[in-house]
Amino acid sequence: LINYTNLCRKTYNKNKVNGRTLIDTDVCFSRRSRTILFWGLLFLFLALGAEALDLWFMDNDVPVGGWRGWLFIIHNYFLDQVSPFLWGATGACVFLIKQLSDRAADRCFDSKKWRGWGTRIILGALIAAIVVTIYDKSAFTGDKLNIDANVVAFLAGLGVKVFYGAIEKLIELVAQRFNIGT
């Protein structure tokens, strides 16, 4: 107990390392990271699949009937609309995996404090779709800058706090403009 107290005294202020974080880093980290990695790879696979179908349909004639016709309809009316959600969720998963690996490297992963990762993924997907829908896609392309809407969606999922703050600021400006107040 004395040695544990000394360890906590020496390490907690700097890196927030204590006995629980040492155990959680060894025991719980791999389970959490595997779950988030699974979801991230699933979202990435689906997003890349939608992109591959997009390229395939650009190179081929529009199919009429059969399984190719159904695939075209699913791609055109569903996957194209869901693509920003998938890229945003992928970005959120990349952010979470990076945060997890940084905490594991510092031996300060605490499973008791690591909550809300599912909410972060959902927020990443929703904010990505909102950002891609709200902002004009032509604003992301130009002579020097050529950013696809999927890249914007991925970045929105990666930086949920930044884009959420921008949306809050936009709402604040609209409220001031129309003299709505709080």
Worksheet item: For the side chain of Ser101 and the backbone of Ile97, is there at least one donor-acceptor N/O pair under 3.5 Å apart?
Response: yes
Please report the closest heavy-atom contact between [X] and [Y], naming both atoms and the distance.
X: Ile121; Y: Ala89; value: CG2-CB, 3.9 Å
X: Gly124; Y: Ala92; value: CA-CB, 4.2 Å
X: Val132; Y: Ala149; value: CG2-O, 3.4 Å
X: Ala128; Y: Gly88; value: CB-CA, 3.4 Å

Fill in: Identified side-chain contact (heavy atoms from CB on, under 4.5 Å) partner of Phe154 from the options Asp148, Val94, Leu86
Val94
Practice prompt. Could you please spell out the steps behind the side-chain contact (heavy atoms from CB on, under 4.5 Å) verdict for Asn150 and Ser83?
Written response: CA-CA 7 Å; Asn150 292 334; Ser83 186; 3.3 Å; yes
With rounding to the nearest 0.5 angstrom, report the [atom1] to [atom2] distance, [X] to [Y].
X: Lys161; Y: Phe95; atom1: NZ; atom2: CZ; result: 7.0 Å
X: Gln99; Y: Ile36; atom1: CD; atom2: CD1; result: 10.5 Å
X: Leu79; Y: Ile74; atom1: CG; atom2: CD1; result: 7.5 Å
X: Thr90; Y: Leu48; atom1: OG1; atom2: CG; result: 8.0 Å
X: Leu96; Y: Arg120; atom1: CG; atom2: CZ; result: 6.0 Å

Quick one: does [X]'s side chain get under 4.5 Å of [Y]'s, heavy atoms only?
X: Leu44; Y: Trp87; answer: yes
X: Trp117; Y: Thr35; answer: yes
X: Leu55; Y: Glu51; answer: no

Grouping I, L, V, M, F, W and Y whenever their side-chain heavy atoms are under 4.5 Å apart, do [X] and [Y] come out in a common cluster?
X: Val131; Y: Ile134; value: yes
X: Leu71; Y: Ile73; value: no
X: Val82; Y: Trp70; value: no
X: Tyr164; Y: Leu173; value: no
X: Tyr77; Y: Trp56; value: no

Worksheet item: After noting the C-alpha distance and the side-chain angles of Phe85 and Leu126, does the key distance pass the side-chain contact (heavy atoms from CB on, under 4.5 Å) rule?
Response: CA-CA 6 Å; Phe85 291 98; Leu126 291 174; 3.7 Å; yes
Worksheet item: What pairs with Asn76 under side chain to side chain donor-acceptor pair (under 3.5 Å), at least two apart in sequence or on another chain?
Response: none
